[in-house]
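Because the structure is a prediction, the values reported are computed rather than measured.
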Amino acid sequence: MAALATTPVRARVLGIPVNVSNDVFRDAVALHGAGGGQIVTLNAEMTMAARADPALGAAIEAARMVIPDGAGVVWALGLQSYRVRRSPGIELARHLLEHAAAVGWRVALVGASPAVMDQLRERLVHDLPTLQLVFSVHGYQPAEAWPGLERQLLQCRPDLVLVALGVPRQETWIQALPQPRSGLWMGVGGSFDVWAGVKNRAPRWMGALQIEWLYRLIKEPSRWRRMLSLPAFAWAVLRERR
């Protein structure tokens, strides 16, 4: 019988670190109280990418918290006798935004398209009127603009920074920012598009069956090449256990 994880420990899936936790929100708030750090949302696709991309692998290794975002990662942990729930990054990020609004955290948003960022700001003002949004910038900036924007962001001393630049850029960008810095820094992929109302998440029943990947493939058929990492991940995990 697999043991229920009650305290966060760090395991590895195909050599990539992942925290074993069933309460990632609690752990994230505790991390903020301990000085903050980077949060990574690990799924099978990112695991395979990290094995092939040293920069992404180093960013994940350096992160203070790596949550089991994908069903494949949860399955792989189960084979190691760790019983955890899948913890979608989009849900953790939203809970952190709500917590930020409730306790007065300073929040920054980075990434997505100009139109999505504009819609997102409007939605957040409506949904979370007490949110202290101290910095927001879309991700389609010229290369020469980033150093200045990064300085402005760090000067704001945010408590929570959500970054929607896509994998691996969001992880490596966060990891490369100057230290020391406080607050929670988290890559959120396409979450801004969902919160802005531009895209929809998979229906709950698909999430319960752990087939959200199929919904994304139906909506974005061009993702099929990326989806090949899923069977490659499963085979690599099983081969490692031989």
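The distance from atom NE2 of His99 to atom CG of Leu184, rounded to the nearest 0.5 Å, is 9.0 Å. To the nearest 0.5 angstrom, Thr47 atom OG1 is 6.5 Å from Ile16 atom CD1. From Leu97, atom CG reaches atom CG of Leu162 across 5.0 Å, with rounding to the nearest 0.5 Å. Here the CZ-CG distance, from Arg85 to Leu77, works out to 13.5 Å after rounding to the nearest 0.5 Å. Rounding to the nearest 0.5 angstrom, the gap separating the SG atom in Cys156 from the CD atom in Gln132 is 11.5 Å.
Gln175 contributes no side-chain N or O that, together with a main-chain N or O of Ile60, makes up a donor-acceptor pair within less than 3.5 Å. Proximity of a side-chain donor or acceptor of Asn22 to a complementary backbone N or O of Arg83 within less than 3.5 Å is detected. A distance-only check finds a donor-acceptor pair linking the side chain of Arg241 to the backbone of Leu79 [under 3.5 Å]. Looking only at distances, no side-chain donor or acceptor of Arg157 sits under 3.5 Å from a matching main-chain atom of Ser182. Side chain of Asn19 to main chain of Val66: a donor-acceptor pair is present (N/O by atom type, distance under 3.5 Å, no hydrogens or angles).
Contact annotation: the side chain of Met46 approaches that of Val40 to within less than 4.5 Å [non-hydrogen atoms, C-beta and beyond]. Side-chain contact check for Val13 versus Phe233: some heavy-atom pair is nearer than 4.5 Å. With contacts defined as side-chain heavy-atom distances shorter than 4.5 Å, the pair Val137/Gln152 does not qualify. With a 4.5 Å cut-off on side-chain heavy atoms, Glu98 and Leu128 count as touching. Contact of the Leu14 side chain with the Val237 side chain is registered, since non-hydrogen atoms from C-beta on lie closer than 4.5 Å. Side chains of Arg26 and Ser21 form a contact here, defined as non-hydrogen atoms less than 4.5 Å apart. A heavy-atom distance below 4.5 Å is not found between the side chains of Tyr82 and Val18. Put simply, the side chain of Thr41 does not reach to within 4.5 Å of the side chain of Leu92, judged on heavy atoms.
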**OP:** I would like to know whether Gln38 and Val163 meet side-chain contact (heavy atoms from CB on, under 4.5 Å); could you show each step before the answer?
**Re:** CA-CA 11 Å; Gln38 182 173 359; Val163 183; over 6 Å; no

**OP:** Just do the side-chain contact (heavy atoms from CB on, under 4.5 Å) check on Arg181 and Val161 with the steps written out, would you?
**Re:** CA-CA 11 Å; Arg181 60 176 189 269; Val161 184; over 6 Å; no

Original post:
Is there a side-chain contact (heavy atoms from CB on, under 4.5 Å) between Leu124 and Leu109 once you walk through the steps?
Top reply: CA-CA 11 Å; Leu124 290 178; Leu109 307 173; 3.6 Å; yes

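Using bins of under 30°, 30° to 60° and over 60° for the plane-to-plane angle, the ring pair Trp173/Trp185 lands in the tilted bin.
At a threshold of 4.0 Å, the pair Arg12-Glu61 counts as salt-bridged, since one of the basic side-chain nitrogens sits closer than that to a carboxylate oxygen.
Legend: residues meeting salt bridge (charged side-chain N to carboxylate O under 4.0 Å, His left out) with Glu240, ordered by chain and number and at least two apart, are absent.
Figure legend: Arg123 and Trp195 shown without cation-pi pairing, the cationic atom not lying both under 6.0 angstrom from the six-membered ring centre and within 45 degrees of its axis.
Cluster annotation: Leu131 is connected to Val29 through the hydrophobic network of ILVMFWY side chains, with a link wherever side-chain heavy atoms come within less than 4.5 Å. Under the 4.5 Å side-chain heavy-atom criterion for grouping Ile, Leu, Val, Met, Phe, Trp and Tyr, Ile39 is not connected to Leu154 through any hydrophobic cluster.
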